[in-house]
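See structure below.
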4 protein chains.
Amino acid sequence: MQKVKIGIVGGTGYTGVELLRLLANHPQAEVCVITSRSEAGQRVADMFPNLRGHYDLAFSEPNMENLKACDLVFFATPHGVAMSQTPELIAAGVRVIDLAADFRLTDLAVWEKWYDMKHTCPEVMSEVVYGLPEVFREQIKQAKVIANPGCYPTAVQLGFQPLLAAGLVDTGFLVADGKSGVSGAGRGAKVGSLSAEVSESFKAYGVSGHRHAPEIAEGLTRMTQGQPVNLTFVPHLVPMIRGIEATLYAKLTLPKTQAELQALFEDCYRDEPFVDVMPAGSLPDTKMVKGSNMCRMAVYVPAGGDTVVVTSVIDNLVKGAAGQAIQNMNIMFALPERMGLEQVALLP
Amino acid sequence: MQKVKIGIVGGTGYTGVELLRLLANHPQAEVCVITSRSEAGQRVADMFPNLRGHYDLAFSEPNMENLKACDLVFFATPHGVAMSQTPELIAAGVRVIDLAADFRLTDLAVWEKWYDMKHTCPEVMSEVVYGLPEVFREQIKQAKVIANPGCYPTAVQLGFQPLLAAGLVDTGFLVADGKSGVSGAGRGAKVGSLSAEVSESFKAYGVSGHRHAPEIAEGLTRMTQGQPVNLTFVPHLVPMIRGIEATLYAKLTLPKTQAELQALFEDCYRDEPFVDVMPAGSLPDTKMVKGSNMCRMAVYVPAGGDTVVVTSVIDNLVKGAAGQAIQNMNIMFALPERMGLEQVALLP
Amino acid sequence: MQKVKIGIVGGTGYTGVELLRLLANHPQAEVCVITSRSEAGQRVADMFPNLRGHYDLAFSEPNMENLKACDLVFFATPHGVAMSQTPELIAAGVRVIDLAADFRLTDLAVWEKWYDMKHTCPEVMSEVVYGLPEVFREQIKQAKVIANPGCYPTAVQLGFQPLLAAGLVDTGFLVADGKSGVSGAGRGAKVGSLSAEVSESFKAYGVSGHRHAPEIAEGLTRMTQGQPVNLTFVPHLVPMIRGIEATLYAKLTLPKTQAELQALFEDCYRDEPFVDVMPAGSLPDTKMVKGSNMCRMAVYVPAGGDTVVVTSVIDNLVKGAAGQAIQNMNIMFALPERMGLEQVALLP
Amino acid sequence: MQKVKIGIVGGTGYTGVELLRLLANHPQAEVCVITSRSEAGQRVADMFPNLRGHYDLAFSEPNMENLKACDLVFFATPHGVAMSQTPELIAAGVRVIDLAADFRLTDLAVWEKWYDMKHTCPEVMSEVVYGLPEVFREQIKQAKVIANPGCYPTAVQLGFQPLLAAGLVDTGFLVADGKSGVSGAGRGAKVGSLSAEVSESFKAYGVSGHRHAPEIAEGLTRMTQGQPVNLTFVPHLVPMIRGIEATLYAKLTLPKTQAELQALFEDCYRDEPFVDVMPAGSLPDTKMVKGSNMCRMAVYVPAGGDTVVVTSVIDNLVKGAAGQAIQNMNIMFALPERMGLEQVALLP
């Protein structure tokens, strides 16, 4: 069987190096080209020394012909880049997975408001599938373009899904309290991301509004068969490198015991390779998924009341970005879904 | 003016060393005796080398006569100790501040359930004042016994107070998502508190129920003039040493703009020496209060909807424990409330 | 080809869970039995949730017959255990890799002094090979018992080897300044390993003497063809989970340029799969090896003087423990040396 | 008594905010002006919220007349700024403390090589005193200009001083292995200082040469009465915010016991308010000095051999920068040396 020929656009950020880490040991993937205008000519292993011994590849100038020779192109770029190149790539039969936000919202007016630019290829949107395999696996198989979900949206949607699908909670007041490690802020040089600023501190940010909120809201609305969803989402910055935890709060519309909800969640995710419902009475830490593609979660009804609490953890760079992108690739190319994603989380 | 003669019972934990740190530079306090059965004879500066040059004091065997010679005794002990010694101390005219939980709940049946022991001095409860100065300053002045509030309860109550006092929110579904640094787990040797376990990880804990929940609920109920409060409180562990952040969610029962709520909060805390409402549009980090007795907070109405979000930060060992205890001491002994508590937070 | 049947004695510490992490994806290894007196009956994945989905195995009571049915037994125990069971195992034809210190020193009098116990199987020492593949690969192939090197000794010996083998430095005053992450202190509950104690702090420890010093000294002496070595070794504790860095200082006995030493180091390690000499002018960080079996190093002659400085980094749990043990297993069982050890370091 | 009127030039970096933190509670200091071209008009408490409630002061445009109205000007600027303004200030009778490097080296040719610029006021050098009070207290009293020592140089010089002053070690091969927290890299936005880059990693840097090496070498040479010193200095980056540890290695030229060296060190620093020789058998952590102006150290002769090891810790922003500057101010203005510098280190 021939390996999937892969192009990566961008790749100088944390999502890019994580793609390279995971693809290095994927038995059916071959990274043929990686482009970066600013780093053209530099070997990827010189920029990211963890890759020494794994890649001889160098960054090259962006070149559409090289990308067209690939089977699949990952965009690990700031938003705005993927939408400028995707039409030409899919016309050439190349499939696209965008790890940025260009294709994540179906409502382009909302997209343009939050991302503050014109969307340049509305005509492509009909080819786009939102790449959350636990919800859209069948559609992903045939998709030409995958909108790889954001990190918070992955953790939050997977945590709410069993409750919303079963119609058990009041959708009029959902709360998602999200927490992310600092790698989520990317590899850009900003004072606010300096170690001396971020270490030994914790804060909420984006309280007045965050780009992931409309993405989550769209996703949750799909799960309710269109019933309107009123979500309050507050992200927080945790002084650690990797990991997202989302604590979700909702009001039960029907009385349910914790045991019933445990069973509901286990049923919902029984066959999912990358969602793990923790045993009753236990709770997930982000370190249980560090470096792995797993989402682990637990569900509680504190004091047997009418509030349900879900806590859901992922590695933001893996299940929240590069790992989920490879999971999507596996599905698109009819490879075993776990292939190349069997990494055990690093503990301690 | 004579200095306040102070005894400390316990003092080998983080709350104890923090009391010593703050009292070292308090111009009107003199630590006369510090007791510890396990460490009797050891100099405090040998156990906590940051105190070298500041104290010659050694831990001594517990001895009631020495404590009775003090004006004030702090209990920095596990729960259960303060209630066993307080009756004799107050009978001798000594005032007591308990940094543990012995006197925090007025409903002793609830207390006994959560702390799993018999309460041994119910008759003392009428002398107890809950030591949250922003609510009970007048009562604290005359109190014989202060129940020094828990760390989470301090951050959560101060954050909700303006909303509840003004009757603006639905008390039937309040959410407090709390996050604490690891010093909150104390100085006991537990695998779960090891650096290799805790660093680079984040988790929810105590989701099914936490001892601070009934303390917070009692406090919030007092603010609503007895209206019942339905609070969901979920604590989380942050990989940092000091700091608590609480993100609070409530549904507005009347439409309010963010500007109106900003004004409400500023009015509420205008004269408070240790509560700081951040300027509109900004957000507090825990590093803005590290080592200081300040509580800083911000209030938001995301997307102009019907949900209000408050984020409130304190240093769990200062405003959440030792600093608040000294603030209470200052009030009890008619000293300037800020005395000995002017430390600027350590940044970075 | 049949898989290597593996037994693990101990395995409830960080070395044990790291062995399990690495063996989970080793194509020619099968963990058949893992023993722990204290945890017998517990599933390994319940104790270490990163292993959920990778192992069904449970800890079992120590049982010699089960171990004798294995091809290889790893001891991931405190020192003293391996020497009590190894004679019976090798008599039964089972090969042994001890990750503790029981067989690391050839001078048993020195061993007994540092480890404060009687060595119980001196007769086995003739079957022991010191498991540093870069020095003893040929002997490892046939060894019945492997003394898996300590973490500091691995980083220090690999860093000094090219210089000592070439006879370029004064062996009368060698300095090794070592730094280790906190996982090196193990999973035992000690106040000194608490996150609140260790985070945001740095210290030297064991300055008056450390058990790894005689192990390093023996190893270095072997490299000098018996010339006496005077080494000063000072370990330090770094507030991070994984990683060792060793900065080595020696006086050149012959003038050498940096370029000459760069070439010497590159020649020395050209064919080594797990030693990487960084390009001239660059320096290794421990994050470049986190989770991987690589040792990366650089050599400098500051200001062109007569002092040579080497900096060498490893992951203490991988190349400094479990990874090197598997590397030794691969060599002993004629498997490709890299098998199961291709993990790319986790960055960031 | 009149307060010392203070101007600060710069002050938007970590050294600046630390000066403001310490001066906020100094009873005899008044910060009258703080300049910053880029931040003119912004209140210091808006930039550094830990200062909220402590300062109303705003950054102002640089203006020589305002500075001339001060008694003392601190330069908390990049190198090159202080030397451009100092001649005019001292001509006006204002005293100067430069926290940068402009006046640290007496050999200006060496200075120009390392700082890669022309020194613009060689004529001022005769008015400069190197501000290490433990060596130059008498000269500091009268100095017009203080070159405030670098952070590494402070820790290293204080650690070596007793040995060099007593002539006990071979000055031909001194080793200083230095480790610094990340605040030492400043508040500039650089990829290499990002939290995701720096956390959970440790590295040597500047091995081929570091600007602090000539400063240390000059200082050590003064202690040997001019005997040439051959120092190898290697700095390392520690994943923590504050703190420097220096481990120093030297060869004894005369046999000395550990007890003799302990006595030597204690005698040397007996009367120093900010140097603390730890009790025999103990070792300092950087956390024992966090936020305080203390330098704590220990001396060892490992295994009773001929190598002496000193470990010395400071807070790089306090004794390594702003605290030492205020200590110098106190000496210059005949204030008690400890004034405003009694902070107890923050532990945990």
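Throughout, a chain's letter reflects where its sequence line sits, starting with A, and its residues are numbered from 1.
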Part of A:M294 within contact of chain C (heavy atom distance under 4.5 Å): neither
Contact origin within A:L317 toward chain C - heavy atom pairs under 4.5 Å: side chain
Engaged part of C:L20 at the chain A interface, taking heavy atoms whose separation is under 4.5 Å: neither
Region of C:I241 that comes under 4.5 Å of a non-hydrogen atom in chain A: side chain
Identify the two heavy atoms, one from [X] and one from [Y], that lie closest to each other, and give their separation to 0.1 Å.
X: A:P133; Y: A:I331; result: CB-CD1, 3.7 Å
X: C:C268; Y: C:P162; result: SG-CG, 3.8 Å
X: A:L57; Y: A:C32; result: CD1-O, 3.8 Å

Which N or O donor-acceptor pairs, by atom type, sit under 3.5 Å across chain A and chain C?
residue, atom, partner, partner atom, Å
A:N25, ND2, C:E342, O, 3.3
A:P49, O, C:R296, NH2, 3.4
A:N50, ND2, C:A345, O, 2.9
A:R52, NE, C:D276, OD1, 3.4
A:R52, NE, C:D276, OD2, 2.7
A:R52, NH2, C:D276, OD1, 2.8
A:R52, NH2, C:V277, O, 3.4
A:R242, NE, C:P348, O, 2.8
A:R242, NH2, C:P348, O, 3.2
A:D276, OD1, C:R52, NE, 3.4
A:D276, OD1, C:R52, NH2, 2.8
A:D276, OD2, C:R52, NE, 2.7
A:V277, O, C:R52, NH2, 3.3
A:R296, NH2, C:P49, O, 3.4
A:E342, O, C:N25, ND2, 3.2
A:A345, O, C:N50, ND2, 2.9
A:P348, O, C:R242, NE, 2.8
A:P348, O, C:R242, NH2, 3.2

Sub-4.5 Å side-chain heavy-atom contact between C:L132 and C:L158: yes
A:V275 vs A:M297 side-chain heavy atoms within contact, under 4.5 Å: yes
Heavy-atom pairs under 4.5 Å with chain A, option from C:P284, C:G291, C:P279, C:G181 with the top count: C:P279
Distance in Å, A:I326 CD1 paired with A:L341 CG, rounded so as to fall on 0.5 Å steps: 5.5 Å
Residues forming a side chain to side chain contact (heavy atoms under 4.5 Å, CB included) with C:A189, sequence neighbours excluded: B:A189, B:V191
Option among C:V238, C:L194, C:V198 that satisfies the side-chain contact (heavy atoms from CB on, under 4.5 Å) test with C:V182: C:V198
